[in-house]
Amino acid sequence: MVTNHPIETVIVGLGRAGWDIHWRKLLKEHHAYRVTAAIDPVPERRRQAEQEIRCRTHSDLAEFLADPGGELVIIATPSGGHASQGLACLNAGLHVVVDKPMCQTVTEADSLIAAARANGRVLTSYH
């Protein structure tokens with residue numbers, strides 16, 4: 001589907017991958033995407049995102065999902081949480097990009113794939 005507006009994008013995790021790879025190298029100058037929110041537990045990272053990205057921020061995913069503005073979520077957190085975070089986002093009706101490794105078990109991968117299908121959402125892994 002072609003749209004005339006930027007895809008409203010959310011970055012979960014503002015560490016090296018979320019900040020340097022997804023924001024600075026990929027999204028910052030790509031006009032097809034607009035980062036509308038960033039999620040990170042570290043207050044300094046959230047303040048930096050508010051100033052540089054000019055987006056709203058949240059300290060955790062549950063807080064964001066209580067009012068989940070956005071279309072696409074990029075999960076750039078430590079790999080142990082990828083499956084549960086991806087599942088929560090898919091079930092909230094969001095498209096999801098998960099950093100590698102997407103999951104730690106085949107069962108987790110199957111759950112994510114099933115949730116994407118059930119919700120009619122796109123799921124992909126970034127690597």
Side-chain angles (χ1 to χ4, degrees):
M1 170 167 64
V2 177
T3 64
N4 292 326
H5 70 284
I7 297 168
E8 294 181 358
T9 305
V10 177
I11 301 172
V12 183
L14 293 172
R16 183 189 59 80
W19 194 259
D20 292 334
I21 296 170
H22 293 290
W23 168 246
R24 289 202 172 124
K25 291 182 182 174
L26 299 174
L27 299 171
K28 187 175 183 178
E29 301 299 327
H30 201 303
H31 300 293
Y33 301 88
R34 181 171 59 91
V35 175
T36 57
I39 302 160
D40 197 279
V42 179
E44 294 79 19
R45 290 178 182 173
R46 292 195 308 272
R47 278 194 292 280
Q48 186 177 7
E50 290 165 0
Q51 292 170 356
E52 184 174 325
I53 302 173
R54 300 200 182 280
C55 66
R56 64 189 173 112
T57 62
H58 301 277
S59 61
D60 62 44
L61 185 60
E63 179 184 304
F64 165 76
L65 290 175
D67 183 22
E71 301 170 76
L72 170 67
V73 173
I74 298 170
I75 298 175
T77 58
S79 58
H82 288 178
S84 62
Q85 293 165 344
L87 193 59
C89 292
L90 289 164
N91 287 331
L94 300 161
H95 301 285
V96 175
V97 174
V98 184
D99 270 357
K100 67 172 178 71
M102 184 173 87
C103 298
Q104 295 184 322
T105 69
V106 172
T107 300
E108 289 177 345
D110 289 342
S111 295
L112 282 174
I113 293 165
R117 287 183 179 147
N119 292 293
R121 301 291 93 185
V122 173
L123 166 69
T124 190
S125 178
Y126 179 84
H127 63 283

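Summarising the geometry, atom OG1 belonging to T77 is positioned 3.5 Å from atom CD belonging to Q85; distances are rounded to the nearest 0.5 Å. Annotation: the span from C89 atom SG to N119 atom CG amounts to 11.0 Å, rounded to 0.5 Å. Separation of atoms OG (S59) and CD1 (I39) is listed at 9.5 Å; rounding is to 0.5 Å. For the atom pair CG (L65) and CG (D60), the distance works out to 9.0 Å, reported to the nearest 0.5 Å.
For E50 and R47, the salt-bridge test fails: no basic side-chain N is under 4.0 Å from an acidic carboxylate O.
Taking a 6.0 Å sphere around OH of Y126, one finds it holds more than 12 heavy atoms contributed by other residues, nucleotides or ligands.
Checking each of V96, I113, V73 against L90 for a side chain to side chain contact (heavy atoms under 4.5 Å, CB included) leaves exactly one that passes, namely V96.
For T36 and E8, the side-chain atoms include no donor-acceptor pair closer than 3.5 Å.
Inter-residue side-chain proximity for L26 and I21 is flagged as met; some heavy-atom pair is nearer than 4.5 Å. Residues L27 and I11 meet the side-chain proximity criterion, which asks for heavy atoms closer than 4.5 Å.
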>> Let's go through H5 and R34 carefully: what are the C-alpha distance in whole Å and the side-chain angles of both, what is the deciding distance for side-chain contact (heavy atoms from CB on, under 4.5 Å) to 0.1 Å, and is it a yes or a no?
In response: CA-CA 9 Å; H5 70 284; R34 181 171 59 91; over 6 Å; no
>> Applying side-chain contact (heavy atoms from CB on, under 4.5 Å) to L94 and R121, what does each step give before you reach the verdict?
In response: CA-CA 7 Å; L94 300 161; R121 301 291 93 185; 5.6 Å; no
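Ring geometry for W19 against W23 counts as tilted: the plane angle lies between 30° and 60°, on a 0 to 90° scale.
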